[in-house]
Each structure stands twice: as C-alpha cells, then as structure tokens.
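First the proteins, then the strands, lettered A, B, ... as listed; each starts at 1.
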There are 2 protein chains.
Amino acid sequence: MVSSKDVAKKAGVSQTTVSRVLNTPELVKKPTVDKVMRAIEELNYIPNANARSLVQNKTKTIALLSGPIHNPFFVDTTTAIINYANEKGYRVHVQYVDDERLQEAYTSILENKVDGVILSCIFWEDPMFFKLKQLDIPFITYNRKHKNNEFFVEIDNFYAGYLSAQHLLELGHTAISWVGGPQNRSTFKERYAGFIKALEDYNIAKNDDYIFTVDTSKQSIQDLFQHITSLDKQPTGICAATDSIALHLLDCFITKNLKVPDDISIIGIDNVDLSKHGMIQLTTVGSILEENLGFLAIKELFEMIENKKNSCVRITKPVKVFNRRTTSAPKQTIK
Amino acid sequence: MVSSKDVAKKAGVSQTTVSRVLNTPELVKKPTVDKVMRAIEELNYIPNANARSLVQNKTKTIALLSGPIHNPFFVDTTTAIINYANEKGYRVHVQYVDDERLQEAYTSILENKVDGVILSCIFWEDPMFFKLKQLDIPFITYNRKHKNNEFFVEIDNFYAGYLSAQHLLELGHTAISWVGGPQNRSTFKERYAGFIKALEDYNIAKNDDYIFTVDTSKQSIQDLFQHITSLDKQPTGICAATDSIALHLLDCFITKNLKVPDDISIIGIDNVDLSKHGMIQLTTVGSILEENLGFLAIKELFEMIENKKNSCVRITKPVKVFNRRTTSAPKQTIK
DNA sequence: AATAAAAATGGTTACGTATTCATTTTGTTG
DNA sequence: CAACAAAATGAATACGTAACCATTTTTATT
C-alpha cells in the first residue's frame, strides 16, 4: 500500500508536508503543492481513513441501527438519515437489526468508535442506553425510546393508539381488534395503552380474544390472519399498531377476496409514504408535520456531535388521523 | 480512552498478553486470562477496531453503494445484502447514492479501505470500474453492469424489455409507450433495446412521441403523467422500465380517477416484493428464480473476498412475465 | 543592509493494536 | 534431578496519519 511517506519521498519533501498539502494547503507554497500533487497522482496515493481516525480520535462515521426495511417506516427514515449525514460529510454504518443480532450490532458500534449513534431498536429496558451514556457517545433514539425518557424523538404513541381506536369507535365499531407487538418496545407499549384507554372512555369492555401480539414478521401476521378469520365472532375493525402490520393484514384480506373496508376496517399508525399510494390508501395515524422522525432525530444528533449540545433531547410529535379508504362504518349485519 | 496498555498495567501483564487473551486465549494460561478479563471489565475496555484494521490491513467492512430505496428494488436487495454480510461477521457501509454524490461515495470507500465493494450504481462507462480493478479491491455490481462485461449479476435486461413489450402487443395494444431512464445505465439501455426489438418483430412502427425518459424521481414521473394525459392520441399501454416507475405511474393514474387496466395498461420490470401486494398486483417481468439479485451478488463477492476466487463473475438471470392485474386488452374505442 | 516578523518546511512522536522474535517458565522424560 | 521440549509471556516494532515543536527560508520594515 502506498503511503504518505512514499509520496513524500517521491516529491522530495517531508511526510508532514504531504499531510499539509492534503489538509491545509493554504499553508504550503504553490510549487510545493504542485510537486506533491503530481507525486500523489503518479503513485495513485489514497489516504488511509483508519490511520487518520486513530490519531484524530474521530471517525466521521455514525452508526444507524434501524428496524428492518421490510417495514416501510424504516425505509422513509433511513433515507432521510443517510442523506442528511452524507451532506454533513459523514459516512453511515447501517445495520437492520433483528433481535438475535442486536448484541453483535452493539459491539460493532462500540469497537468502531463511531462519532454518534442513532437507533430505533432500543428496548424499553436496554442496558445499551447506559453504556452509551457512560461512554459519552452522542446518541439518540427515534421511534422507540428508553424508559429513562431521555434522548429520543417519537410521535405521541399513546395518543396515536387512542386516536386509532377512537376513529373506529366513532364509526360505530364495537368489535375492535388490536394487533400489536412485543411490549418491551415503547411504541407498542404506549400505543396499546392508548388503545385501551379509548375503549374505556367509550365504555367498550376490553375483549382479550381480540388483543393480539405478533412478532411483526409477515409469517406471524399471516398466521394471525388465519386465526382471526376462523373466529366465530369476528372483529369488524382492526387497529394495527403500525402501518407495516396494517399493510400485511391488508394484503392477507385482499388476497383472500375479502373487501376492505366493506368486510373489515383496518387502520394503521405511522403514516408511512406507502400508505398514501393510490392503490393502497391506508387510513392511519401519524405526525401532524411532514418531516419524518428520522430526519428530526439525525438533526438533533448532529447538534450533539458538532455543537457539543448536551441538553437532553425529548421530542414527542403530535399526531392526527389520516382518513383514507380502509375504514368505514361496520356492516349492519354482524356475523 | 482506555487502551489495551491500560488493561495490561492494571492486570500486571504485557500488552501482548492482553491482545492474546482477546484473540487467541487458548495460548494463555487460565489464571492469566481471568486476571486480564477482570481488568477489562473493571476498566470498561473496548478494543479499537480502527487500530486493528491499521495493523491487519483489513477492515471486516464492505461498502454497499445502492440505488435509492424509494425504489423498492433496492429495499429488497439491501436487506439481503446486509443480512448476509452481517452473518459473515462483516459490517456494511451503506450509501444510497444519487448522481451528485457519487464521487464522494467513491472517494469514501477508497479511503476507508473496505474489504469489498458491492454496487448497483455503476454507469455503463464508469472510471471507477478500472480504479477498483487496478487497486485489486474485490467488487461486484448488481442490477447494472459496466460495459467491460465483468463482475456483475443482472437479469436478462434485453429480454425483459422484449417480454414487457411483447406482453402488451399480444394483448392487442399497438399504441405502446416506453418510460425509461438515462441510457448511461446498462439496465435502461438494454431494456429499451429489447422493447424496440419487440416492436420491430411485431411490425409496429416506433413512435418517438411515446418514448419517454425520466430521472426516476417522483416529480419527473408526475410531470410525465401530466404530459401523457394531455396527448391528443394517448397510448393504451405503458411499458415502464422498472417497477418503481410503474408504481409511481400507477399512483398518478389512480389518484386522477383513471382505471388501470381499463383505461390504460401498465407493466413494470423487476418483480419487486411490493408489486405482489394484494392492493397493487402489478404485472411485471422478473427473474424466474426467487433469490434476489442482491443476494446472488453478495454471495459472489464473499467468494472473492474469502476464497480469493478471481475467476470473473458474469451472471445473467433468465426472466419471465408475472401476469397480474395491471394489464389487459385495450379498450375497443381508442380516443 | 540589518533586523524582526511571518511563512514554509521538517523531525519526531503518539494514536492502539497485532505481530515477530526473544526470553522465561513450566512440564516431561529418562 | 538433569536435560530438553513445550508452553507462556514479554519487549520491541510496524501500520499510516496528524500534531507538536523546532528550524529554515522568505518577506517586510527600518
């Protein structure tokens, strides 16, 4: 590998000067710059970012631990995050984490000495939260948050769950199902709590036969679909904890020639881009503002990285219902 | 920052021994291992991957330069690629490249001394191809290929374009539009050529008023939609060069209350996962096999990285039509 | 022309690790 | 218990860069 020393020798200058030509050329005389640049060209020299990181103790890299992009929410956020970071001249280590490989992902970001971490995969109780804090690594969570209630950007999950249920309740549904995910994630936990609160406010008894938990995989949602359609008394409406779940369910119902919303109403949460598609038109709950959570989060992260801002970030965005075409009043005749 | 030297001091051993405990513990006596591990715990020591990379001259990192994931094709491939690499113990630098930032992305991967590169963003004539070859960095392109016809995994783009046109021709369409992208990408170039060949074979005169090029952005597709619907004599069918384009067009038509396929037929190419969704059911052309291109490519890349395989990879997958619900015979009465 | 100030360049070192080679310790065998 | 092999450990070095401090060269000022 050709190093800056090789360039120095070729150009007849010191390695220090080569370094200066690349980093602070204004401190080097024009002819010297030219000489060095010529040597760089001839030798096809490429600086080694690892070596630079070692001495500078910064990597110009951030780590993104995202949920899987078969969930369109993470498609929207990933794009926003990477583009913003790249504009700032940073590279992004992306990992789409599932639960099994979470620990490896955590280890990897610690060993690679990234300048900042942005993650959506944090659990309600997650030791990594304290690790990052202790090591003084700038970080922020988006979508989910840690129970410590610090360094996060989220939507108002409780109210989103509430609005989701309320929407169906106001349409006249009483047999309403909840399809959520594991409660060790703040999103599922709080959205569910909001859903339950709405039922209470409307004096609808909570029916445990209608409360479901999936692991958010396509398979588990298909299994659930089988179960729901085999029930004696089926729900007339489904509150899905995420658009991703809602979209999968939608696919199941439609594929089995059931009509949405005629046979069943479905409402999601997140208002992902895909839900707006003319062929989909998913009714959902999402942030009032256009900017997605990933974008808000990465901006905050860079505040912390570049401006050493350390006032704690706690952002919760208000939400509203986006009324589209997958919900309606229930059929009069309930089987 | 706490280093292995600090651990060594604390444990009362040499730095060499600390290194051995972490990398080849079988060469170290049990009590020594324990001593060192205890020191590591107490000091919260985390190895520095950059320093390791520097001395070992490998980074356990690959770079993925992907097309943007607002194109669902790259959602499917990105997931496959990252998961496979992570399983192999590699990290992935992901960049979703647009044309402006391509050069920065290239620079970044060269300076960071990644162990391999997988990219979909290469141009038909792209100097980076030779740069990577010259530097002896293992690399592979998927989706697109370079004109040198080496190190790629693709679908049979020419035949895909051909089948796409043939599908509409066989349905009886004669006023068929092509919506493609810039010709400096092998995919657009060859799919278009196939499309043209089909027209010839069916003795349909090529009509330049029906041949369109977009930059694949949502905006440019909306603009094109405006143009198409304002034509005196509108096409009855559209061959979109990618599913991504097809899906955007679909959105435009549906949103304006036009019926697909009753008012217009649309066929894509790529057979992305989303096209199978019950609410979408996009007719498209895609690989006969289930495995996506990203997965095939990353497997090949690891062959090159780990087994020093250097026989040149040239993979072209056969394609077929996936006949779904966005195409039909044209209406009898053509405006 | 003398002097001071500023600009340009170079020598040396540190970053944190793995590796190479040398040395010490332990274990084995007769 | 000697002799030797094997196992365990350590000292020194290299990786490629930026930064610090020292030195030389140039420019400006009188």
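Remark: P of D:dG10 and NZ of B:K35 are 7 Å apart, rounded to the nearest angstrom. Residue B:K9 contributes atom NZ, which lies 16 Å from atom C1' of D:dG10 at whole-angstrom precision. In this structure, A:K30 places its NZ atom 18 Å from C1' of C:dT9, rounding to the nearest Å. Between B:N50 atom CG and D:dT17 atom C1' there is a gap of 12 Å when expressed in whole angstrom units.
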Heavy-atom contacts, protein to nucleotides 12-21 of chain C, under 4.0 Å, summarised as B (base), S (sugar-phosphate only) or - (none) per nt, yield B--BBBBBB-
Letter per nucleotide, 5' to 3', of nucleotides 23-28 of chain C [B base touched, S only sugar-phosphate touched, - untouched; heavy atoms, 4.0 Å]:
---S--
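A search for side-chain hydrogen bond (donor to acceptor under 3.5 Å, both in side chains) contacts involving B:R144 returns nothing, not counting sequence neighbours. Residues passing the salt bridge (Lys or Arg N to Asp or Glu O under 4.0 Å) test with A:D273, sequence neighbours excluded: A:K276. For the side-chain contact (heavy atoms from CB on, under 4.5 Å) test, residues two or more places apart in sequence or in another chain that qualify with A:L43 are A:V2, A:D6, A:V7, A:K10. Qualifying side-chain contact (heavy atoms from CB on, under 4.5 Å) partners for A:L54, counting only residues two or more places apart in sequence or in other chains: B:N48, B:A51, B:L54.
The environment of B:K35 atom NZ is dense: over 12 non-hydrogen atoms of other residues, nucleotides or ligands sit within 6.0 angstrom.
Applying the ring-ring contact (aromatic ring centres under 6.0 Å, His included) test to pairs two or more places apart or on separate chains, those with a residue in residues 81-101 of chain B are A:H93-B:H93, B:Y84-B:F295, B:Y84-B:F302, B:Y90-B:F302. Residue pairs meeting the side chain to side chain donor-acceptor pair (under 3.5 Å) criterion with at least one member in residues 290-299 of chain A: none, sequence neighbours excluded. Pairs passing the salt bridge (Lys or Arg N to Asp or Glu O under 4.0 Å) check and including a residue from residues 110-121 of chain A, sequence neighbours excluded, read A:E111-B:R52.
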List, one per line, each side-chain donor-acceptor pair under 3.5 Å for residues 126-136 of chain A, sequence neighbours excluded.
unit_1, atom_1, unit_2, atom_2, d
A:D126, OD1, A:M128, N, 3.0
A:D126, OD2, A:Y106, OH, 2.9
A:D126, OD2, A:F123, N, 3.2
A:K131, NZ, B:N44, OD1, 3.0
A:K133, NZ, A:E150, OE1, 2.7
A:K133, NZ, A:E150, OE2, 3.4

Report all side-chain donor-acceptor pairs from residues 60-72 of chain B shorter than 3.5 Å, counting only partners two or more places apart or in another chain.
unit_1, atom_1, unit_2, atom_2, d
B:T61, OG1, B:T59, O, 3.0
B:T61, OG1, B:R91, NH1, 2.9
B:N71, OD1, B:F73, N, 2.9

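No engagement by A:S53 is indicated, since no non-hydrogen atom pair under 4.0 Å with the nucleic acid exists.
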Under the criterion side-chain hydrogen bond (donor to acceptor under 3.5 Å, both in side chains), I'd like the reasoning laid out for A:S19 against A:T16: C-alpha separation, chi angles, the key distance, then a yes or no.
CA-CA 5 Å; A:S19 178; A:T16 307; over 6 Å; no
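Fit an axis to the five pairs at each end of the helix from C:dA1-D:dT30 to C:dG30-D:dC1 and the two axes sit 30° apart, to the nearest 10 degrees.
A sub-4.0 Å separation between OP1 or OP2 of C:dG10 and a side-chain N or O of A:T17 is present.
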